[in-house]
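Encoded as structure tokens, the structure appears first; notes follow it.
Reckoned from all heavy atoms, side chains included, excluding hydrogens, waters and symmetry mates.
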Amino acid sequence: MRSYYLILLLMVFILSFCAHKAPPLHIDRVNPKLIRINPFSENQLILNFSEELDSLSLNPENFLIYSEQETIKIICVTPGHTPDQVFLFTPGIIPGEYNLIGKVYDRSERAGFFKTKFIASTKKDTVPPLVIKYTKGARQKNFYLEYSEPIDTASIKYYVFPRRKMVSKWYYMKMLSLIPETDSLNHDTTYYLFVKEAKDLSGNDAPQFITTITSDSVYNPIFIRGRAVLNDTPIISGLGVISRKEILGISTIDHGEFLFEVRDSFNYYLQILGDDCHGADSVSVSRENIIKLTPGKVDFDSIIN
């Protein structure tokens with residue numbers, strides 16, 4: 001028995017001696033460096049760095065653009081399309097040479113300081129901002145939108161139906177959360193968000209946008225479909241608003257077709273607004289729902305106010 005324990009101890013010793021040690025933890029000792037600057041347009045600079053950055057540390061106060069004549073205001077700093085990229089947004093810059101100094105942090109919180117020069121671009125920004133990510137469907141307690149670029153936050157105009165007071169929270173001036181001001185969203189209710197107006201920092205208009213959410217975890221929505229026609233011809237575009245005692249939903253009209261998500265098969269009152277026509281009628285899930293329009297313009301705000 002004693003020899004058995006001696007052999008066992010010898011084997012443990014040999015295995016311990018032969019075992020490989022774990023590699024040492026990697027310590028980042030390299031600061032991030034600016035490797036390229038691209039004056040993308042008259043109000044946007046794209047900066048590329050040598051490594052991935054800590055996007056939470058991006059701050060307009062860490063950057064300065066100046067020339068011999070002036071200092072340029074930096075409106076917004078956002079992460080780029082890749083983790084090593086940063087976008088700077090400014091008011092329109094007149095042509096000429098400018099200095100850029102700044103500070104960024106990598107994922108290990110090492111600071112990288114840089115100073116460079118660039119020639120301002122004369123390219124105009126004519127691209128409208130688009131919604132690239134948004135909440136939709138069940139198990140949603142608030143609305144979330146993400147635009148393709150920063151938005152002039154003072155320009156946005158939106159409505160929530162059924163009416164709820166919402167608190168706006170912006171991130172990088174391009175990500176918007178709309179949170180109920182008091183309590184939470186009701187169950188057994190579909191909420192519609194209609195973004196009527198929004199502009200980017202160059203004044204380009206974003207397309208109108210609609211999405212729906214509900215706080216229900218499980219639900220089976222039903223839909224009201226139909227067509228809006230003027231002289232038996234489907235209208236190209238417009239808006240539809242359904243209501244009972246209050247406005248309950250909104251939908252875009254696309255080549256005459258409309259679609260609403262509802263919770264029951266009873267009648268709703270639908271108003272259609274085209275560019276130069278309008279009309280209204282009762283609609284429900286079980287009907288064909290053809291709305292005949294007449295010439296004339298009705299303002300959207302006059303319906304909801």
Mind checking the [atom1]-[atom2] spacing from [X] to [Y]? Nearest 0.5 Å is all I need.
{"X": "M175", "Y": "E146", "atom1": "CE", "atom2": "CD", "answer": "4.0 Å"}
{"X": "M166", "Y": "L193", "atom1": "CE", "atom2": "CG", "answer": "8.0 Å"}
{"X": "E68", "Y": "N99", "atom1": "CD", "atom2": "CG", "answer": "8.5 Å"}
{"X": "K292", "Y": "C277", "atom1": "NZ", "atom2": "SG", "answer": "14.5 Å"}
{"X": "L56", "Y": "Y171", "atom1": "CG", "atom2": "OH", "answer": "11.5 Å"}
{"X": "N62", "Y": "F113", "atom1": "CG", "atom2": "CZ", "answer": "8.5 Å"}

Classify the side-chain pair [X]/[Y] by whether it contains a donor and acceptor separated by less than 3.5 Å.
{"X": "R139", "Y": "T214", "result": "no"}
{"X": "T82", "Y": "D84", "result": "yes"}
{"X": "T233", "Y": "N231", "result": "no"}

Query - Parallel, tilted or perpendicular, as decided by the 30° and 60° cut-offs, for the rings of F118 and Y98 - result: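 Judged by the thresholds at 30° and 60°, the geometry between Y98 and F118 is parallel.
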Count the heavy atoms of every other residue, nucleotide or ligand shown that sit under 6.0 Å from [atom1] of [X], and state whether that count exceeds 12.
{"X": "D299", "atom1": "CG", "result": "yes"}
{"X": "I236", "atom1": "CD1", "result": "no"}
{"X": "E61", "atom1": "CD", "result": "no"}
{"X": "Y66", "atom1": "OH", "result": "yes"}
{"X": "R227", "atom1": "CZ", "result": "no"}
{"X": "K196", "atom1": "NZ", "result": "yes"}

Query - Contacts of E197 that satisfy side chain to side chain contact (heavy atoms under 4.5 Å, CB included) - sequence neighbours left out - result: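 K157.
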Distance-minimising heavy-atom pair for [X] and [Y]:
{"X": "Y144", "Y": "S177", "result": "CD1-OG, 3.6 Å"}
{"X": "A138", "Y": "S217", "result": "CB-O, 4.1 Å"}
{"X": "L178", "Y": "S168", "result": "CD2-OG, 3.4 Å"}

Would you confirm whether [X], through its side chain, and [Y], through its main-chain N or O, come within 3.5 Å as a donor-acceptor pair?
{"X": "Q85", "Y": "H81", "result": "yes"}
{"X": "S121", "Y": "K123", "result": "yes"}
{"X": "N186", "Y": "T189", "result": "no"}
{"X": "S202", "Y": "N204", "result": "no"}
{"X": "D125", "Y": "V127", "result": "yes"}
{"X": "R107", "Y": "E51", "result": "no"}
{"X": "S251", "Y": "L259", "result": "yes"}

**Report entry** Electrostatic pair K124:E42 at N-O distance under 4.0 angstrom
**Finding:**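 The answer is yes: the pair qualifies as a salt bridge.
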I want to check something: taking the side chain as every heavy atom from C-beta on, are [X] and [Y] in contact at a cut-off of under 4.5 Å?
{"X": "T212", "Y": "Y191", "value": "no"}
{"X": "N289", "Y": "I224", "value": "yes"}
{"X": "V229", "Y": "I291", "value": "no"}
{"X": "S57", "Y": "V104", "value": "no"}
{"X": "V86", "Y": "P79", "value": "no"}
{"X": "P39", "Y": "I119", "value": "no"}
{"X": "T116", "Y": "L34", "value": "yes"}
{"X": "K33", "Y": "F49", "value": "no"}

Requested in this report: With side-chain contact (heavy atoms from CB on, under 4.5 Å) as the test, would you mind laying out the steps for L176 and K169 before giving the verdict?
Outcome: CA-CA 6 Å; L176 172 62; K169 293 187 176 181; 5.9 Å; no
Report task. If a pair satisfies salt bridge (Lys or Arg N to Asp or Glu O under 4.0 Å) and one of its residues is in residues 253-279, list it, with sequence neighbours excluded. Result ->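 Checked against salt bridge (Lys or Arg N to Asp or Glu O under 4.0 Å) - neighbours excluded - the pairs reaching residues 253-279 are D188-R263, D216-R263, R244-D264.
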Query raised in the report: Under the salt bridge (Lys or Arg N to Asp or Glu O under 4.0 Å) rule, what pairs show up with a residue in residues 201-215, not counting sequence neighbours?
Result: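 For residues 201-215: K199-D205.
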Query raised in the report: Does I151 belong to the same Ile/Leu/Val/Met/Phe/Trp/Tyr cluster as V160, with side-chain heavy atoms less than 4.5 Å apart forming each link?
Result: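 Both belong to a single hydrophobic cluster.
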**Report entry** Same apolar cluster (I L V M F W Y, side chains within < 4.5 Å links), I250/L248
**Finding:**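 Yes: a chain of side-chain contacts under 4.5 Å links I250 to L248.
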Query raised in the report: Given a cutoff of under 4.5 Å between side-chain heavy atoms of I, L, V, M, F, W and Y, with clusters grown through shared members, what are the other residues clustered with I35?
Result: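 Result for I35 is none, singleton.
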Report task. Run the numbers on L64 and T71 for side-chain contact (heavy atoms from CB on, under 4.5 Å), then give the verdict. Result -> CA-CA 8 Å; L64 179 65; T71 297; 3.5 Å; yes
**Report entry** Sequence neighbours excluded, every pair satisfying ring-ring contact (aromatic ring centres under 6.0 Å, His included) that has a member inside residues 225-250
**Finding:**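 For residues 225-250: none.
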Query raised in the report: Does anything in residues 194-228 pair up under ring-ring contact (aromatic ring centres under 6.0 Å, His included), and if so which pairs, sequence neighbours excluded?
Result: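 Every ring-ring contact (aromatic ring centres under 6.0 Å, His included) pair that includes a residue of residues 194-228, provided the two are not neighbours, is Y134-F209, F194-F300.
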Requested in this report: Output, in order, the C-alpha distance, side-chain angles, deciding distance and verdict of side-chain contact (heavy atoms from CB on, under 4.5 Å) for L45 and N38.
Outcome: CA-CA 6 Å; L45 296 176; N38 175 18; over 6 Å; no
Query raised in the report: Only one of D301, I247, V195 clears side chain to side chain contact (heavy atoms under 4.5 Å, CB included) with Y159; which?
Result: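 Of the listed residues D301, I247, V195, the side chain to side chain contact (heavy atoms under 4.5 Å, CB included) partner of Y159 is D301.
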Query raised in the report: Can you check side-chain contact (heavy atoms from CB on, under 4.5 Å) on I253 and S237, steps first, answer last?
Result: CA-CA 5 Å; I253 312 297; S237 62; 5.8 Å; no
